[in-house]
Amino acid sequence: MARAVGSERKLLAVYTGGTIGMRSELGVLVPGTGLAAILRTLPMFHDEEHARAHGLSEDILVLPPATPNQRILYTVLECQPLFDSSDMTIAEWVRIAQTIERHYKEYHGFVVIHGTDTMAFAASMLSFMLENLQKTVVLTGAQMPIHALWSDGRENLLGALLMAGQYVIPEVCLFFQNQLFRGNRTTKVDARRFAAFCSPNLPPLATVGADVTVNRELVRKVGGKAELVVHSSMEQDVGLLRLYPGIPAALVRAFLQPPLKGMVMETFGSGNGPTKPDLLQELQMATERGLVIVNCTHCLQGAVTTDYAAGMLLTKDLRGEMTAPLVEECRPSLQGNALGRGVSWLLGLSGSQEADALRNALMPSLACAAAHAGNLEVLQALVELGSDLGLVDFNGQTPLHAAAQGGHAEAVTMLLQGGVDVNTRDTDGFSPLLLAVRGRHPGVIGLLREAGASLSTQELEEAGTELCRLAYRADLEGLQVWWQAGADLGQPGYDGHSALHVAEAAGNLAVVAFLQSLEGAVGAQVPCPEVLPGV
Ligand code: ASP
């Protein structure tokens, strides 16, 4: 969650090159060294008086106070060599990630000063390289050198330093023209204008004007206390293929040849492509060879909603890079009833803390409702949403209670396989087995018994009166499910009479025969009652 932080904040600014620090040599712009020295001369980037008064070392720059009690100190680490970002490759981005890793504990946040041409790629790569990121990483650059009279570089760099210094936004971000974007959602859209980047399919994480507005629902949450993991071994043999109408299968075949190991395929609309059999066959053969194909729409907004070819099932969102398809499109069956629509709505909620809290509060009840209705699809959707099906609702019931009560053998099997405790008692002390007995669901009782369910001593004792009632009513089926659940059918009722006594007194011969056939199970040794129990 984004939050403003107080006192002194230390940042590391990794300067990799780009126009922001370029100088003109023989009429062309080339990466320029000495960015820190330039910044030191610009009062908006360095408060020399404060630095001197506090004896800050030569390599530390300090911003003028953003708020009365806060100072942002930063060190510029200049890479060797500096790059026009068009020349940068995965190797350079790995080095940036490793630099962040090396200094991770020393600094509160990181700014990466980068050329704009490949900054969106860099931000995207870094977002995947840095797992369990708990600090703010902001990439920025400029369309014009920082020392030029008319430059966007000063605002961009100052904004990036302020965002990284004042807010904990644990993501790899890109700051440009007063907007902080999620890095892996950005694209460079203009070669000259200062508004060079946009994030067409996700609103900015923050916007800077007279006030800073942080879009809190969008900011990814910090995942516990997990350590930063830097993935530095990245596959290079990954290609990008943009489909176009009439693309020849032979051309696609040529593209898919080794060493290619993975391909991002930009398709039309919501993930569609030509259905020509020869083209599909090429894709099919490639996936059978182990090539990973990710289907990505070339539309700037929306999402892929269909699996176009085998091997396109990259559905896990790792760093907030994915826009989930609209739920109704991917799970039409959920739309059939109110329950399914409720779950669809939950699935569609963004990953803010508020949304998560709402989901967590609603999920046990929804899971119970789905289990009671035997709706496996909704149950499955809830599992995918991260629901723990062992959680209890307001009555202390697990979905297994609900499925057992509803008599849904498939749901019971799914829940048992999911590890839901078979003997949990609800707030009334009822187990799933007892509810299955009451609901008379022999199939479910069998499944629960196989999974180790048993009636508690209290349930067995209380069963006596119920057994007598069933015997009086000649309810053979009712007695059979108790027997199947492991009850002692000789258990006396509240007045000491057993079911057999009651059946004999009532002349229910079929019940008498049944009870007598259960050798050793019926406690019929007490005298026959003269008066029937008041059942
Ligand atoms: N060619 C430059 C680069 O990407 C462009 C820029 O920084 O704006 O390094």
Side-chain angles (χ1 to χ4, degrees), residues 11-39 42 44-45 74 76-100 110-129 137-164 172-200 204 208 234 236 240:
L11 303 177
L12 181 66
V14 183
Y15 170 45
T16 69
T19 296
I20 192 167
M22 283 189 181
R23 296 174 201 290
S24 178
E25 264 179 30
L26 305 172
V28 290
L29 285 172
V30 293
T33 56
L35 182 65
I38 297 174
L39 296 177
L42 301 173
M44 67 191 283
F45 284 106
Y74 64 105
V76 180
L77 187 71
E78 190 160 300
C79 296
Q80 299 285 345
L82 292 167
F83 280 91
D84 181 308
S85 76
S86 315
D87 286 327
M88 289 184 92
T89 64
I90 291 176
E92 280 73 46
W93 295 324
V94 166
R95 275 199 286 279
I96 298 172
Q98 289 171 337
T99 303
I100 291 174
F110 299 85
V111 170
V112 178
I113 303 165
H114 199 283
T116 59
D117 286 345
T118 63
M119 197 193 297
F121 292 85
S124 203
M125 286 296 290
L126 286 170
S127 77
F128 292 105
M129 287 175 182
V137 175
V138 185
L139 277 81
T140 197
Q143 297 278 53
M144 290 297 290
I146 202 162
H147 49 74
L149 182 60
W150 195 246
S151 167
D152 54 336
R154 292 186 291 273
E155 261 190 15
N156 288 346
L157 181 55
L158 185 64
L161 289 166
L162 289 172
M163 292 310 301
V172 175
C173 313
L174 188 154
F175 186 85
F176 227 86
Q177 269 271 295
N178 301 323
Q179 289 184 302
L180 185 79
F181 302 110
R182 173 168 299 152
N184 59 30
R185 295 303 195 103
T186 55
T187 185
K188 185 173 176 183
V189 288
D190 203 301
R192 297 300 295 167
R193 281 190 308 154
F194 288 169
F197 287 88
C198 79
S199 167
V208 179
M234 305 304 272
Q236 311 257 351
L240 176 63

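All ligand and atom numbering here is 1-based and tracks the order in the structure.
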Are there any protein N or O atoms under 3.5 Å from the N or O atoms of ligand 1? List them with distances, or say none.
| unit_1 | atom_1 | unit_2 | atom_2 | d |
| --- | --- | --- | --- | --- |
| ligand 1 | 1 (N) | D84 | OD1 | 3.0 |
| ligand 1 | 1 (N) | D84 | OD2 | 3.1 |
| ligand 1 | 1 (N) | D117 | OD2 | 2.8 |
| ligand 1 | 4 (O) | S85 | OG | 2.5 |
| ligand 1 | 4 (O) | T116 | N | 3.3 |
| ligand 1 | 4 (O) | D117 | N | 2.9 |
| ligand 1 | 7 (O) | T19 | N | 2.9 |
| ligand 1 | 7 (O) | T19 | OG1 | 3.1 |
| ligand 1 | 7 (O) | T116 | N | 2.9 |
| ligand 1 | 8 (O) | T19 | OG1 | 3.1 |
| ligand 1 | 8 (O) | T116 | OG1 | 2.4 |
| ligand 1 | 8 (O) | A142 | O | 3.0 |
| ligand 1 | 9 (O) | D84 | OD1 | 3.3 |
| ligand 1 | 9 (O) | S85 | N | 2.7 |
| ligand 1 | 9 (O) | S85 | OG | 3.4 |

Taking distance alone, no hydrogens or angles, what donor-acceptor pairs closer than 3.5 Å link side-chain atoms of residues 141-161 to residues at least two apart or in another chain?
| unit_1 | atom_1 | unit_2 | atom_2 | d |
| --- | --- | --- | --- | --- |
| Q143 | NE2 | D190 | O | 3.0 |
| Q143 | NE2 | A191 | O | 3.4 |
| Q143 | NE2 | R193 | O | 2.8 |
| H147 | NE2 | M22 | O | 2.9 |
| S151 | OG | M144 | O | 3.0 |
| S151 | OG | P145 | O | 2.9 |
| S151 | OG | G153 | N | 2.8 |
| D152 | OD1 | Q143 | N | 3.0 |
| D152 | OD1 | M144 | N | 3.0 |
| D152 | OD2 | Q143 | N | 2.8 |
| R154 | NH1 | I146 | O | 2.7 |
| R154 | NH1 | A148 | O | 2.9 |
| R154 | NH2 | L149 | O | 2.9 |
| N156 | OD1 | Q177 | N | 3.0 |
| N156 | ND2 | G141 | O | 3.0 |
| N156 | ND2 | D152 | O | 3.4 |

> Excluding sequence neighbours, so at least two apart, what forms salt bridge (Lys or Arg N to Asp or Glu O under 4.0 Å) with E78?
Replying inline: none
> Among pairs that include at least one residue of residues 21-39, which meet side-chain hydrogen bond (donor to acceptor under 3.5 Å, both in side chains), considering only residues two or more places apart or in two chains?
Replying inline: none
> How close do A196 and F176 get, heavy atom to heavy atom, and via which atoms?
Replying inline: CB-CE2, 3.8 Å
> Considering all heavy atoms of both residues, which atom of S86 and which atom of T118 are nearest to each other, and what is their separation?
Replying inline: CA-CG2, 4.1 Å
> What's the shortest heavy-atom distance between E92 and D87, and which atoms?
Replying inline: OE1-O, 4.1 Å
